[in-house]
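Worksheet: the structure to be examined is printed underneath.
Here, residue 1 is the first one in the sequence, and each next residue gets the next number. Only heavy atoms go into these numbers, but all of them, side chains included; no hydrogens, no water, no symmetry mates. The model shown is predicted, which means the values in this text are computed figures rather than measured ones.
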Amino acid sequence: MFPREYRGVAFVVGLFLVVQVGALALVPEFAASGYQAVENPDNPANSVLYVVAIVAMTGVMLAAFRYDFDGAIRLLIVGVSAWLSWYVFSALVPPLAAAVPAVAVAVGLLVHPEWYVIDTAGVLMGAGAAGLFGISFGLLPALILLAVLAVYDAVSVYGTEHMLSLAEGVMDLNIPVVLVIPLSVSYSLLDGEAASDEAAGVDADEEVDADSETDAESEGDVDAAADTSPDADAAGEVPDSPEPGDRDAFFIGLGDAVIPTVLIASAATFSPAANLAVPLLGVNLPALLAMVGTLGGLLVLMRWVIRGRAHAGLPLLNGGAIGGYLIGSIAAGVPLLEALGLATFF
């Protein structure tokens with residue numbers, strides 16, 4: 001691994017931690033404000049409905065890209081960014097005042113979608129979405145959600161490959177369905193696009209390393225990690241991809257951060273394990289080890305991506321989160337059936 005890639009891995013780990021800690025910090029406020037989205041969070045049907053919604057949204061986005069409605073998708077995601085950002089800011093300031101920074105996020109994405117604007121919006125969206133879903137999905141629905149989406153991600157990347165087509169569409173929109181991981185201080189997503197446009201005008205066959213591609217999942221789901229290069233697949237390796245030391249950035253789907261964090265937030269909300277003495281956070285051992293498991297899966301995923309291979313993110317990330325959660329539950333003295341959310345059925 002090259003030194004630049006080490007810095008990139010440290011950066012993406014930091015972004016994941018901000019999403020995870022942010023969701024945990026938001027959970028008590030969201031619960032107190034009555035933001036729970038369903039009447040019965042322990043109903044497994046909630047997970048099924050959410051997965052159906054993801055598949056349907058994926059189909060809508062693919063159709064939009066096919067028939068040149070890219071602009072509508074961009075406006076939709078920017079609107080969702082503002083909406084979720086409002087939830088986050090409303091936990092800190094009165095709701096009316098929260099609208100000001102939420103609108104600023106949307107304006108920033110429309111006017112100057114540089115990588116740091118996209119990452120800031122992505123972190124706000126990720127923490128807000130994970131917190132909202134965490135208080136709305138009980139333990140069993142959250143576990144079902146992570147397991148089903150891990151399988152779906154693998155099938156859509158390695159099997160049908162439709163997630164790669166979705167990735168190809170979203171990368172040109174500069175919207176926070178991906179997190180941008182720059183490998184140098186001077187990296188600019190916008191300058192890369194300008195260089196790409198100019199090169200295309202001079203020579204249609206000239207290779208442009210600044211163009212990029214990523215994966216797709218959540219909320220328009222984006223689930224896999226990617227390299228930068230002209231024809232990048234959703235999850236990494238692409239035709240004529242640059243050598244490992246030549247990359248300017250990595251891209252990883254926002255859903256890769258959000259979906260495992262749903263279990264972390266759910267564990268903090270619904271697990272009977274005692275809370276740990278962590279300032280400002282209501283975190284217990286199952287939630288903490290789910291965080292550790294997710295980050296362990298992330299490190300393995302990034303190692304594979306750095307080697308130039310395309311991979312689905314959620315099998316590793318969700319698997320790490322579930323494994324860490326179950327180990328933490330057993331270590332905290334929670335019976336396995338109760339940890340799985342099955343105790344009420346027996």
Query raised in the report: Passes side chain to side chain contact (heavy atoms under 4.5 Å, CB included), Leu149 versus Val51? Steps please.
Result: CA-CA 7 Å; Leu149 287 182; Val51 171; 4.1 Å; yes
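- With hydrogens and angles disregarded, no donor-acceptor distance shorter than 3.5 Å links the side chain of Asn43 to the backbone of Phe137.
- Follow the hydrophobic side-chain contacts under 4.5 Å out from Val155 and you never reach Met57; the two are in separate clusters.
- Contact between Ala287 and Ala268 at its shortest, heavy atoms only, is CB-N, 4.0 Å.
- In this structure, Asp256 and Leu298 have side chains that are not in contact, with every pair of non-hydrogen atoms separated by 4.5 Å or more.
- When all heavy atoms of Leu24 and Ala265 are compared, the pair lying nearest together is CD2-CA, 4.4 Å.
- Annotation for Arg74 and Leu109: closest pair NH2-O, 2.7 Å, computed over non-hydrogen atoms.
- Within the 4.5 Å cutoff, side-chain heavy atoms of Leu145 are placed close to those of Tyr50.
- The main-chain N or O of Pro141 is found under 3.5 Å from a side-chain atom of Ser47 such that the two form a donor-acceptor pair.
- Under the 4.5 Å side-chain criterion, counting only non-hydrogen atoms from C-beta, Tyr325 is not in contact with Leu289.
- Here the CD1 atom belonging to Ile259 is positioned 7.0 Å from the CG atom belonging to Leu146, to the nearest 0.5 angstrom.
- You'll find the side chain of Val278 reaches within 4.5 Å of the side chain of Leu281, heavy atoms only.
- When all heavy atoms of Ala332 and Leu285 are compared, the closest pair comes out as N-CD2, 4.0 Å.
- Leu49 forms part of no hydrophobic cluster, judged by ILVMFWY side-chain heavy-atom separations under 4.5 Å.
- With sequence neighbours left out, Leu140 forms a side chain to side chain contact (heavy atoms under 4.5 Å, CB included) with Pro44, Ile144, Leu342, Phe345.
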Query raised in the report: side chain to side chain contact (heavy atoms under 4.5 Å, CB included) between Asp248 and Leu183: does it pass, once the steps are laid out?
Result: CA-CA 5 Å; Asp248 293 322; Leu183 298 183; 5.9 Å; no
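- Placement of Val38 and Phe133 in two distinct hydrophobic clusters is found when ILVMFWY residues are connected by side-chain heavy-atom separations under 4.5 Å, directly or transitively.
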Query raised in the report: Could you go step by step and tell me if Met291 and Phe16 meet the side chain to side chain contact (heavy atoms under 4.5 Å, CB included) rule?
Result: CA-CA 9 Å; Met291 293 175 64; Phe16 268 58; over 6 Å; no
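- Across all non-hydrogen atoms, the minimal contact from Pro315 to Asp153 is CD-OD2, 3.7 Å.
- Both Val19 and Val21 are members of a single hydrophobic cluster when ILVMFWY side chains are connected at heavy-atom separations under 4.5 Å.
- Within the structure, side-chain hydrogen bond (donor to acceptor under 3.5 Å, both in side chains) contacts touching residues 100-120 (residues at least two apart or in different chains) are His112-Tyr116, Glu114-Ser188.
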Query - Criterion side chain to side chain contact (heavy atoms under 4.5 Å, CB included) on Leu326 and Leu340, from CA distance to verdict - result: CA-CA 8 Å; Leu326 292 176; Leu340 293 171; 3.7 Å; yes
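- Every residue was checked against the ring-ring contact (aromatic ring centres under 6.0 Å, His included) condition with Phe270, not counting sequence neighbours, and none meets it.
- In the hydrophobic clustering, Val93 connects to Leu92, either directly or through intervening members, whenever side-chain heavy atoms lie under 4.5 Å apart.
- Considering only heavy atoms from C-beta on, Ile252 comes within 4.5 Å of Leu301 through its side chain.
- Of the inter-residue distances, the one linking Leu76 atom CG with Met61 atom CE reads 7.5 Å to the nearest 0.5 angstrom.
- Placement of Leu263 and Ile330 in two distinct hydrophobic clusters is found when ILVMFWY residues are connected by side-chain heavy-atom separations under 4.5 Å, directly or transitively.
- The structure places OH of Tyr67 at 11.5 Å from CG of Leu62, a figure rounded to the nearest 0.5 Å.
- At a threshold of 4.5 Å between non-hydrogen side-chain atoms, the residues Arg303 and Val9 do not count as touching.
- The CD atom of Glu338 sits 9.5 Å away from atom OG of Ser329, with the distance rounded to the nearest 0.5 Å.
- What you find for Ile77 and Pro176 is that their closest heavy atoms are CG2-CD, 4.1 Å.
- From Leu26, atom CG reaches atom OG of Ser33 across 10.0 Å, with rounding to the nearest 0.5 Å.
- Side chain of Ser136 to backbone of Ala37: a donor-acceptor contact under 3.5 angstrom is found.
- The shortest side-chain heavy-atom distance between Val177 and Met125 does not fall under the 4.5 Å cut-off.
- Legend: residues meeting ring-ring contact (aromatic ring centres under 6.0 Å, His included) with Phe30, ordered by chain and number and at least two apart, are Tyr35.
- Side-chain contact between Ser266 and Leu139 is present, with heavy atoms from C-beta onward closer than 4.5 Å.
- Remark: Leu179 CG to Phe251 CZ distance equals 10.5 Å, nearest 0.5 Å.
- Hydrophobic clustering keeps Leu173 apart from Val60 (ILVMFWY residues linked when any side-chain heavy atoms are closer than 4.5 Å, directly or through intermediates).
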